[in-house]
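Working notes, structure below.
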Amino acid sequence: MSRPSPTATCVRVTLSAVLLFLVATPVTARAEVDQAGASDNFIPVTDAMLQDPAPGDWLMWRRTLDSWGYSPLDQVNRENVHELQLVWTRPLAARTGEITPLAYGGFLYVPQAEDVIEAFDAVTGDFRWQYRRDLPDDLYGFVGGNARNNRNVAIYDRLIINTSDDNFVFAIDAVTGEPVWETMIFDYQVNSATHSSGPIIADGRIISGRSCRPWGGPDACIIAAHDALTGAELWRRRVIAGPGEPGDETWGDVPFEGRQHVGAWMVPSYDPELELIYMGTSVTSPAPKFFLDDPENSYLYHNSTLALEVETGEIRWYYQHLIDHWDLDHPFERLLVDTPVTPNPDAVSWINPRIQPGEVRKVITGIPGKTGLVYTLDRETGEFLWATPTVRQNVIESIDGATGVVTVNPEVVFREVEQEVFVCPTWAGGKDWEAGAYSPRTNTMYYPLRNTCATMLATANFESDRAQALTRGGQGGLAIYSLAARHQIAPGTDNLGTVRAISAETGETSWLFETRAGTMSLVATGGGLIFGGDSNGRFRAFDDETGEVLWEVNLGSSVSGYPITYSVDGRQYVAVNTGAGSLNLTPELRPGRGTDLFVFALPSRD
């Protein structure tokens, strides 16, 4: 495979596209098309449609730019959900797990591992086309195995848009799967980055984040914007402060080239009215800060929420959730909600004393990080409003309600090599990549969470007897973070997984579901339902007000995908996939490892 120079951004196109740049090298991908299924009746997707999607469509990762994971469809509801039945299923590419189909125009667009995308008839499951990218043989040695993930794609105009494992952003034709254009973001052999999640479209701009490998240097740790029609780069924002920039001093004496691995590896949210993109960031490498400099330094902008101006990528405001020594990333979905703010002191641990109870605020809320804390901030200014834990945790000692400044527990901060601490939760969460959901019906957010703790060791020697003892049996060491650990279910419970329903107004928990298996991503619906699965293959429908399980099916393998619901010709469908599981702390549970897409509906009345 011929590769362009790493010093220049390149855009490759087909002759059918009108673009800003053109090179002769052909797009290196293959499309297989069922011509009988092709259609010229495709209605291009606009910004207006993305900002207010039709009820039956699912046009992005969490359906809407506010990341709610909510559909207003109500044909399937609390009274009839017990009648749901399987209507079709499809096998997916090997190693596929954490994916989100898009539903539009009677088709499902399904991202899969290693840059495979397929289109299926949304009613019958019939194959329409497949895109398969040609990837270099040495790729995953540079970008890491997590790059095989393909959590989501975007749709705009006639294009399906994604970021690739080999560090391009690219577009294919939504009707045929044929490549249209691609733009190199990085040469993966020089600035290694990992695209495990795809982009969103914000006012005609492709907004993408990534994890950055330590050997890729600080310039690999960026959020980028590209023109959605042409692929031309518009801006890139580094999320590691550099010399002469605000935050440079927070890295102490760490030279710029030694500032590594602050990624933005999940999917952003966007407020079109404020023209702000909201994205979270992850930990440094190494994670224990004494390896870098002073453990008390803040090392901006790791483990922060960033509010970026969509036109320029400039940081309007930021909020740092904690100084992280334990790989407790904070890149997860940010819920954008307009709600009265009345945190209940009996349910919420930390509250801003300036809050006027009942005042309606534009907030950014949810559980943004692995610690499992709910944070609610003013999304115009970043002002801290309230926060509270949802799982056992011992890393955050306090939060100053007036300033939002977080104080970590000094007893679990690493101070020297080979120090051991007992930490709750672990780097598996708490909360992890599995998405929660918000329902405007109930003004409640719903989250899949884990009860975990770990004995963690700060080490650069994974061959030592202690590191080997901790990681024996697949428990895991993260050399990239200089951490070894032995994980366990948190003391006081036998259940790894929970689903917790939390009021966006008061912070009160309205219901809690507990299960032995780890719980997975959720979707909320207008029918009063919350759909979600677990790592033991169970896929359930909960009553959104009570948490009662109204329907359950065993899909045989971990329900690792992000469930969606859509409609075609007046019939509502629910889709989810199985795939690879998560951290195994329940060895008696032995789900399969099948990778399949399942689509359910009520019985046809025809």
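Keep in mind that the numbers below use all heavy atoms, side chains included, and drop hydrogens, waters and symmetry copies.
Between D596 and R90 no salt bridge is recorded (no basic side-chain N to carboxylate O distance below 4.0 Å). E333 and K431 are joined by a salt bridge, as a carboxylate oxygen and a charged side-chain nitrogen come within less than 4.0 angstrom of each other. Between R148 and D115, no side-chain nitrogen of the basic residue sits less than 4.0 Å from a carboxylate oxygen of the acidic one, so the salt-bridge criterion is not met. Using a cut-off of 4.0 Å between Lys/Arg side-chain N and Asp/Glu carboxylate O, R63 and D57 are scored as not salt-bridged.
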Checklist entry - Passes side chain to side chain contact (heavy atoms under 4.5 Å, CB included), C453 versus F422? Steps please. => result CA-CA 7 Å; C453 298; F422 186 72; 3.5 Å; yes
Next on the checklist: As a quick check of understanding, evaluate ring-ring contact (aromatic ring centres under 6.0 Å, His included) for W427 and H487, giving each step before the final call.
Outcome noted: CA-CA 9 Å; W427 61 63; H487 305 266; 4.8 Å; yes
Checklist entry - Can you list the steps and then say if K370 with D327 is a salt bridge (Lys or Arg N to Asp or Glu O under 4.0 Å)? => result CA-CA 8 Å; K370 294 181 180 180; D327 183 28; 3.7 Å; yes
Next on the checklist: Before you tell me yes or no, could you show the steps for E508 and T506 under side chain to side chain donor-acceptor pair (under 3.5 Å), namely the whole-Å CA-CA distance, both residues' side-chain angles and the distance that decides it to 0.1 Å?
Outcome noted: CA-CA 5 Å; E508 297 168 310; T506 68; 2.9 Å; yes
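Side-chain N/O atoms of T565 and Q572 include a donor and acceptor closer than 3.5 Å. If you check the side chains of S67 and S269, you find a donor sitting under 3.5 Å from an acceptor. No side-chain donor-acceptor contact under 3.5 Å links Y270 and D66. Q112 and N150 share no side-chain donor-acceptor pair at under 3.5 Å. Between the side chains of N409 and N394, no donor-acceptor pair of N or O atoms lies under 3.5 Å. Checking Q320 against H330 by side-chain atom types alone, no donor-acceptor pair falls below 3.5 Å. Using a 3.5 Å distance cut-off with no hydrogens or angles, the side chains of T371 and H321 do not pair a donor with an acceptor. Side-chain N/O atoms of R210 and S208 include a donor and acceptor closer than 3.5 Å. Side-chain N/O atoms of S196 and R151 include a donor and acceptor closer than 3.5 Å.
The shortest heavy-atom contact between A504 and W386 is O-CZ2, 3.8 Å. Taking each heavy atom of R500 and T509 in turn, the nearest pair found is NH1-OG1, 3.1 Å. Closest approach of R516 and L585 over heavy atoms only: NH2-O, 4.3 Å. The minimum heavy-atom distance between V348 and G507, with the atom names listed, is CG2-CA, 3.8 Å. Closest non-hydrogen pair, V81 versus A541, comes out as CG2-CB, 3.7 Å. Residues S285 and H261 share a closest heavy-atom pair of CB-CB, 3.4 Å.
Y438 pairs in a side-chain hydrogen bond (donor to acceptor under 3.5 Å, both in side chains) with only one of the listed residues (N443, T339, T365), which is N443. Checking V110, L102, I161 one by one against V153, the side chain to side chain contact (heavy atoms under 4.5 Å, CB included) holds for a single residue, L102. Screening L555, V599, L92, T100 against N577 for a side chain to side chain contact (heavy atoms under 4.5 Å, CB included) leaves a single residue, L92. Looking at E548, E83, E545 one by one, the single match for salt bridge (charged side-chain N to carboxylate O under 4.0 Å, His left out) with R78 turns out to be E545.
Here the CG-SG distance, from N451 to C424, works out to 9.5 Å after rounding to the nearest 0.5 Å.
Checked against the 6.0 Å centroid criterion, the rings of F600 and W551 qualify as a close aromatic pair. Here W350 and Y375 keep their ring centres 6.0 angstrom or further from each other.
With a 6.0 Å radius and a threshold of 12 heavy atoms from other residues, nucleotides or ligands, Y318 has its OH atom at or below the threshold. Surrounding CD of E411 are at most 12 heavy atoms belonging to other residues, nucleotides or ligands under 6.0 Å away.
Ring-plane geometry between W61 and Y562 is classed as perpendicular, the angle between the planes exceeding 60 degrees on a 0 to 90 degree scale with a lower cut at 30.
Applying the ring-ring contact (aromatic ring centres under 6.0 Å, His included) definition to pairs two or more places apart or across chains, those involving residues 509-529 are Y446-W511, W511-F542, F513-F542.
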